[in-house]
Number of protein chains: 2
Amino acid sequence: MSTLTEPEKKILDAAKKVFETQGYTGSRMQQIADEAGISKASLHYYFRSKENLFEHIFDETMSDFMELVSTWNDDSEHWENKLRHFIVQFFDLLKTKSLLFLIGEINRNPELLLSRRKKTKPKAKFISYFENLQETGKMKPSNMYVIFIFMHSLCAYPILNARMFQLSTGMNNHDFEVFMNNYPETVADLLINALKKGLK
Amino acid sequence: MSTLTEPEKKILDAAKKVFETQGYTGSRMQQIADEAGISKASLHYYFRSKENLFEHIFDETMSDFMELVSTWNDDSEHWENKLRHFIVQFFDLLKTKSLLFLIGEINRNPELLLSRRKKTKPKAKFISYFENLQETGKMKPSNMYVIFIFMHSLCAYPILNARMFQLSTGMNNHDFEVFMNNYPETVADLLINALKKGLK
DNA sequence: AAACGGTTTGACCAAATGGTCAACAAATGT
DNA sequence: ACATTTGTTGACCATTTGGTCAAACCGTTT
């Protein structure tokens, strides 16, 4: 467990903010230093290079996301309520994470995924939980890879692309906000119905 | 209709390629010039500035996307087949368009959406087609905004985030390719079933 | 109070980058 | 043939940017 000093925390917070909004190529070391309230020289004192600082941020954000994706508490609740709660919570967490940052940087440099491969296997818990239910006859068989991707897509994309959706649908701010508040429940309904019926 | 000269086409092709992979801040005028096979000075002769060149590319990509989103031919086919064909075609087209570029640049500079607002109303055709069917009792009522967003999310996100999905699910290249080939049909099934049943 | 180690920073540097310009080449008009 | 416009480029410029460094700063130890 790495114990971060106070200035290191300040720097990482600042860097995260800047990298997430501007991307690697758009971020400036001076801007990060300003945001952290220190000099650019100090910034280099703590983190040798831009690349080095970026790696810290990317790795942290990536593992945050992987953890989010792989979290699945196997309590005794019925799968239907479990899935519904999970989706609502998942949607909320996605709003606070900069998924676009991850996808954009990976697109710019695909090696980011290969080199820093994490030991976590996000598939495991979520998918195997449902596959287990299906194998024991407690649920109709469905392709859980499909459900996994459906759930992620339905939760993540409207957040990534919110601005264009609002433009496309022509909704005003208030209507769109109301719409997005109800949205996770709608997603849950769809997926639960698909699972009840059995998909593909 | 703007008639583009030969060198202008070459430049725009090169710029598109570079901007789409590197983003605005990551792109270099020299790289675009090299890609187009001309000198950097010539590049500036045709397009005064990086900003100017970027606007051409962004506007073109944006209107391509908006056109794609708003296309909906109202022939006599049954809505079920119509939707299925549309989704398969939509998915294919999305693979060729750099949606990530659009989303990323809009995120970097939200004013891109406001200033260059297009007259197209993408909502219109797709949504009103189905709302019309519902009003005339030929289909159970559904919230077509939801269907609209579901369809986009299910088609776009797996393409945007393909690399991370492959990593998450642990599939090898071949399995993942097969999976993605069948995927659009699965999306169509889900949405058609939802519409048959009536959603929300 | 002197010495020491960790921290901070203004000044500075080399390279990269968007952009300009004079000169030259290739069409085009007369 | 000559002049005029249009296209092309190497050389150059001002600014930006990541990174360095010696000097100063500050709390602790001796």
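Values below: every heavy atom of this structure, side chains too, minus hydrogens, waters and symmetry copies.
- Listed by chain and number, the residues in a side chain to side chain contact (heavy atoms under 4.5 Å, CB included) with A/Lys197 are B/Asn193 (sequence neighbours excluded).
- The interatomic distance linking B/His44 (NE2) with D/dT6 (C1') rounds to 19 Å, in whole Å.
- Rounded to whole Å, atom C1' of D/dG7 lies 11 Å from atom CD1 of B/Ile11.
- Judged as a side chain to side chain contact (heavy atoms under 4.5 Å, CB included), and not counting sequence neighbours, the contacts of A/Ser98 are A/Glu20, A/Phe101.
- If you walk DNA chain C from 5' to 3' and mark each nucleotide with an atom closer than 4.0 Å to a heavy atom of chain A, the marks span C/dG6 to C/dG10.
- Residues passing the ring pair (Phe, Tyr, Trp, His ring centres under 6.0 Å) test with B/Tyr129 are B/Trp72, sequence neighbours excluded.
- Residues meeting the side chain to side chain donor-acceptor pair (under 3.5 Å) test with B/Thr25, sequence neighbours left out: A/Thr25.
- Summary for the helix from C/dA1-D/dT30 to C/dT30-D/dA1: the axes at its two ends, each from 5 pairs, differ by 10° when rounded to the nearest 10 degrees.
- The salt bridge (Lys or Arg N to Asp or Glu O under 4.0 Å) analysis of residues 84-96 of chain A, with sequence neighbours excluded, yields the pairs A/Arg84-A/Glu185, A/Arg84-A/Asp189, A/Asp92-A/Lys95.
- Panel note: side chain B/Ser42, backbone B/Tyr45; no donor-acceptor pair is recorded below 3.5 Å.
- Of all the residues in residues 33-43 of chain A, A/Lys40, A/Ala41 reach under 4.0 Å from DNA chain D with at least one non-hydrogen atom.
- Not counting sequence neighbours, the partners of A/Gln30 by the side chain to side chain donor-acceptor pair (under 3.5 Å) test are A/Asp34.
- The 12-atom threshold is exceeded at NE2 of B/His78, counting heavy atoms of other residues, nucleotides or ligands nearer than 6.0 Å.
- If you check every strand for non-hydrogen atoms under 4.0 Å, A/Tyr46 touches sugar and phosphate atoms only.
- Considering only heavy atoms from C-beta on, A/Lys138 stays 4.5 Å or farther from A/Asn132 through its side chain.
- Taking the ring axis of A/Phe54 as reference, the NZ or CZ atom of A/Arg48 does not stay both within 45° of it and closer than 6.0 Å to the ring centre.
- Note on residues 159-178 of chain B: no pairs pass salt bridge (Lys or Arg N to Asp or Glu O under 4.0 Å), not counting sequence neighbours.
- Side-chain contact check for B/Gln166 and B/Asn173: at least one donor-acceptor pair (N or O, by modelled atom type) lies under 3.5 Å.
- Contact check of residues 17-29 of chain B against DNA chain C (heavy atom, cut-off under 4.0 Å) returns B/Ser27, B/Arg28, B/Met29.
- When the side-chain nitrogen and oxygen atoms of B/Tyr45 are compared with OP1 and OP2 of D/dT8, none of them lie within a distance under 4.0 Å.
- D/dT17 atom C1' lies 15 Å from atom CD of A/Glu51, rounded to whole Å.
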Side-chain atoms of residues 149-162 of chain A: list all donor-acceptor pairs with protein atoms under 3.5 Å, sequence neighbours left out, distances to 0.1 Å.
{"unit_1": "A/His152", "atom_1": "ND1", "unit_2": "A/Phe148", "atom_2": "O", "d": "2.9"}
{"unit_1": "A/Ser153", "atom_1": "OG", "unit_2": "A/Ile149", "atom_2": "O", "d": "2.8"}
{"unit_1": "A/Tyr157", "atom_1": "OH", "unit_2": "A/Asn161", "atom_2": "ND2", "d": "2.8"}

